[in-house]
Amino acid sequence: MTDKTIHNTIIIGSGPAGLTAAIYAGRANLKPIVFEGNQPGGQLTITTDVENFPGFPNGVMGPEMMDLFRDQAKKFGAECFFKHVTKVDFSSKPYKVYVGDEEFLSQTVIISTGASARMLGLKEEEELMGYGISTCATCDGYFYKDKNIVVVGGGDSAMEEASFLTKFAKKVTIIHRREVFKASKIMFDRAKNNPLIDIMVNKSIDSIIGSQKEGVSSIELKDTVSGEKTTFECEGVFYGIGHNPNTDLFDGVIDLDNNGYIITKPDSSLTNIPGVFACGDVQDDHYRQAITAAGSGCMAAIDAEKYLEDIE
Ligand code: NDP
């Protein structure tokens with residue numbers, strides 16, 4: 001099915017970046033179309049309390065905040081669809097965006113498909129995410145004051161999260177599946193020399209014990225060399241095993257960096273394709289915050305509006 005309308009802008013993704021772009025594009029009267037994807041609202045919908053987004057002094061639940069973003073975008077004329085984009089074609093104008101057999105045409109496209117934290121693949125992850133398991137120390141560290149927590153991973157993310165978490169926790173234990181660390185020497189040494197951090201090597205997490213009501217109480221570990229199983233008591237598990245940008249759709253279509261993130265021109269949301277913009281975690285492997293994603297979504301909408309003015 002082809003919708004013959006040539007839209008001003010199609011936004012792919014519906015986290016803080018995409019929905020902020022939709023608010024700004026809506027207010028600029030661009031009547032944006034938002035394809036929300038498989039996880040409407042993005043990563044914030046798998047968190048619980050958000051305490052660091054300005055304007056919510058008493059905190060707000062992640063899913064509720066994303067509903068508010070969506071309501072605000074719709075108020076200004078954005079149309080949001082729970083559809084997952086399966087293909088794009090930016091080889092000629094108007095650009096084409098596909099949802100299965102459905103084809104949509106647009107003069108500009110804003111990509112805000114985000115990134116996904118890597119998971120260990122444990123069956124309890126779904127239940128305990130936000131209730132003792134976290135993928136973001138900056139977001140959730142504050143909830144673990146004086147607690148014993150673990151950080152899994154051996155790269156810079158794990159080292160950085162562990163060091164950051166010592167501001168709150170009683171003890172942080174880094175758990176890594178090998179003896180060799182991917183982390184840079186400086187970040188590894190900083191963690192190793194911190195008296196509040198212990199490091200356990202050759203251990204993988206077999207299961208996480210807890211409930212939504214009580215939070216996490218312990219983890220089951222397996223020695224990756226001897227196979228021996230042990231129990232370790234802790235009240236929080238932070239995943240520091242990296243993120244994957246959601247860019248499979250754009251591989252070979254748009255310029256990506258070595259880690260698969262979309263490359264944007266400095267201080268802008270411009271990609272290498274005129275009229276295609278990127279914002280949020282899909283182009284940011286550094287800050288990864290709702291507020292920075294929202295800021296870059298605003299930039300993308302302003303960049304799209306300017307582009308449309310220029311081609312008119
Ligand atoms: P990395 O890919 O560098 O490291 C991921 C770590 O997680 C590895 O130690 C890996 O183990 C481990 N891991 C992955 N999957 C699993 C699994 N299923 N079970 C157990 N362990 C697992 O990701 P990072 O996010 O740490 O870093 C990404 C990039 O960002 C890097 O270039 C890094 O330097 C950069 N970065 C820089 C920072 C800074 O400078 N401030 C801060 C954070 C990141 P294994 O080693 O066995 O593969």
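Order of listing sets the numbers, starting from 1, for every ligand and every atom in it.
Here the protein heavy atom with the shortest distance to atom 46 (O) of ligand 1 is Arg178 NH2, 2.9 Å. For atom 29 (C) of ligand 1, the closest heavy atom belonging to the protein is Asn259 ND2, 4.8 Å. Protein heavy atom at the shortest distance from atom 5 (C) of ligand 1 is Ile241 O, 3.7 Å. Counting protein heavy atoms only, atom 34 (O) of ligand 1 is closest to Asp156 OD2, 2.6 Å. In this structure, the protein non-hydrogen atom closest to atom 1 (P) of ligand 1 is Lys182 CD, 4.1 Å. Of the protein's heavy atoms, Gly242 CA, 3.9 Å lies nearest to atom 23 (O) of ligand 1. The single protein non-hydrogen atom nearest to atom 30 (O) of ligand 1 is Asp285 OD2, 4.8 Å, given as residue, atom name and distance. At the shortest separation from atom 48 (O) of ligand 1 among protein heavy atoms lies Arg177 NH2, 3.1 Å.
Using a cutoff of 4.0 Å between basic side-chain nitrogens and carboxylate oxygens, Glu36 and Arg70 are scored as salt-bridged. Salt bridge Asp189/Lys192: absent, no basic N to carboxylate O contact under 4.0 Å. Electrostatic pairing of Asp71 and Lys75 does not count as a salt bridge here, judged by no charged N lying under 4.0 Å from a carboxylate O. Checked for salt-bridge contact, Glu102 and Lys83 meet the test: a charged N lies under 4.0 Å from a carboxylate O.
With a heavy-atom cut-off of 4.0 Å, Met187 touches ligand 1 through its side chain alone. No part of His286 comes within 4.0 Å of ligand 1, judged by heavy-atom distances.
For ligand 1, none of its N or O atoms has an N or O atom of His243 under 3.5 Å away. Every N/O-N/O distance between Arg288 and ligand 1 stays at or above 3.5 Å. An N or O contact shorter than 3.5 Å links Glu160 to ligand 1 by distance. Considering backbone and side-chain atoms together, Gly154 places an N or O closer than 3.5 Å to an N or O of ligand 1. Of the N or O atoms in Ser157, one or more lie within a sub-3.5 Å distance of an N or O in ligand 1.
Taking 4.5 Å as the limit, some side-chain heavy atom of Glu220 sits within range of a side-chain heavy atom of Ile209.
Annotation for ligand 1: atoms under 4.0 Å from non-hydrogen atoms of Arg118 are 2 (O). The Leu120 neighbourhood of ligand 1 comprises atoms 17 (C), 18 (N), 19 (N), 20 (C), with distances under 4.0 Å to a heavy atom of that residue.
For an aromatic pair to be called close, the ring centres must be under 6.0 Å apart, and Phe181 with Phe188 satisfies this. Here the two rings, on Phe238 and Tyr144, have centers that are under 6.0 Å apart. A ring-centre distance under 6.0 Å is not found for Phe81 and Phe104.
Within a 4.0 Å radius of atom 37 (C) of ligand 1, the protein contributes one or more non-hydrogen atoms.
The shell of residues lying under 4.0 angstrom from ligand 1, judged by heavy atoms, includes His176.
Judged by distance alone, the side chains of Asp284 and Ser296 never bring a donor and an acceptor atom under 3.5 Å apart.
Between the NE2 atom in His7 and the OG1 atom in Thr9 there is a gap of 10.5 Å [rounded to 0.5 Å].
Annotation: cation-pi geometry satisfied between Lys87 and Tyr98 (NZ/CZ under 6.0 angstrom from ring centroid, within 45° of ring axis).
Paired with Asp281 under the rule side chain to side chain donor-acceptor pair (under 3.5 Å), one option of His286, Gln289, His243, Gln43 passes, and it is Gln43.
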